[in-house]
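Below, chain A is the first sequence line, B the second, and so on; all start at residue 1.
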2 protein chains.
Amino acid sequence: MLEHMRDYYTPGEIAERFDLTLDTLRYYEKAGLLRRVDRAPSGHRRYRTDDVELLHLIRCLRDTDMPIARLREFAELVRDGDHTIPERLEVLQEHKNRLDDRIAELVDRQGAIEHKIDYYLGVLAERAAETAHTLKDVN
Amino acid sequence: MLEHMRDYYTPGEIAERFDLTLDTLRYYEKAGLLRRVDRAPSGHRRYRTDDVELLHLIRCLRDTDMPIARLREFAELVRDGDHTIPERLEVLQEHKNRLDDRIAELVDRQGAIEHKIDYYLGVLAERAAETAHTLKDVN
DNA sequence: CCTTGACCTGGAGCGCACTCCAGGTCCCAT
DNA sequence: ATGGGACCTGGAGTGCGCTCCAGGTCAAGG
């Protein structure tokens, strides 16, 4: 249990945990998705628990194609404190709407592609039947 | 009925129909997604019914994030004739698998985002309740 | 004859999200 | 003290998918 309550995480640990490269992690920081991260005396970054939590959400939103710029706006709201919760909510709800639409679109196209696959399968089946027929005639 | 059987369509018509720009249409042709399209004596493009059909599928596959390079491969198979149907089938099936996975991922993230929205809504509700309570005390 | 509008060409440019690199520091183990 | 590994910096480069542009042609209408 205590292992899970560590105060700090190294860049390598974070990169592995979120399947990001160190470069991407630094890029996110530069882009303002993360606050200026803490440092060890060596100068190496040390991520805190709340960085991890925010990264979790960031990952989730990026995976659903929220652009970096929008993500930065959201991260700024988080940094500005609890009074921005209504605005954060608005961002998330708007994103969810987009996502719902996108999923609906993908499902729709999925159907069309399936249909095309079935069509091709039908062509192949017919072709196979014809070949069988020919063989029957010949033999 | 006869209107729908026209032999040729102008670039403008096609662009509108598929919600693509003329630039994109030309880009697709250069990229090998479409064969070298027919021309009017003036040099203007004239799209045939089978261009339209292929574009339909291309649009569907692009909308589901098939990369241009893969689309070009597919288009080449189409140009190579009916004997490539098994390979086309493979491309489509592999793409459908990717798409299924992608949809599953999005739905998963959708749930996480919804959860976060609910969390924020909870915070706001609690805050509203506290305010009401304070007012009650004061009044 | 002149304008307008649709389209043509080749090639440059753009926005996004990384990704890579050179050259450096720090710390630990052999 | 030497080597290796993890990490640092600023800045350049990459890949993708368009998107824009200059300068032109062509056909129809006034």
Look at the side-chain N and O atoms of [X] and state whether any lies under 4.0 Å from the OP1 or OP2 oxygen of [N].
X     : N      : result
A:S42 : D:dC8  : no
A:Y27 : C:dC16 : no
A:R26 : D:dC8  : yes
A:Y28 : C:dC18 : yes
A:T24 : C:dT19 : yes

Report the distance from atom [atom1] of [X] to atom [atom2] of [N], rounded to the nearest whole Å.
X     : N      : atom1 : atom2 : result
A:L20 : C:dA17 : CG    : C1'   : 12 Å
A:L22 : D:dG5  : CG    : P     : 15 Å
B:E29 : C:dC8  : CD    : P     : 8 Å
B:D23 : C:dG10 : CG    : P     : 13 Å

Pair A:Y120, B:R88: side-chain N/O donor-acceptor within cut-off below 3.5 Å:
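Per modelled atom types, A:Y120 and B:R88 side chains form a pair under 3.5 Å.
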
When you measure from the centre of the six-membered ring of B:Y9, is the NZ or CZ of B:R48 closer than 6.0 Å and no more than 45° off the axis?
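Cation-pi check for B:R48 and B:Y9: fails.
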
Heavy atom of residues 30-41 of chain B under 4.0 Å from DNA chain C: which residues?
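B:K30, B:R39 - these, ordered by number, are the residues of the stretch whose heavy atoms sit under 4.0 Å from the strand.
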
Below 4.0 angstrom, which residues in residues 54-69 of chain A have at least one non-hydrogen atom near DNA chain C?
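The stretch gives A:R62, A:P67, A:I68 as the residues lying under 4.0 Å from the strand, ordered by number.
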
Using a cut-off of 4.0 Å on non-hydrogen atoms, how would the nucleic acid contact of B:R45 be classed: base, sugar-phosphate, or nothing?
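Since only primed, P, OP1 and OP2 atoms lie under 4.0 Å of B:R45, the category is sugar-phosphate.
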
How bent is the helix from C:dC1-D:dG30 to C:dT30-D:dA1, comparing axes over its five end pairs at each side, to the nearest 10°?
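Here the helix ends are tilted 10° relative to one another.
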
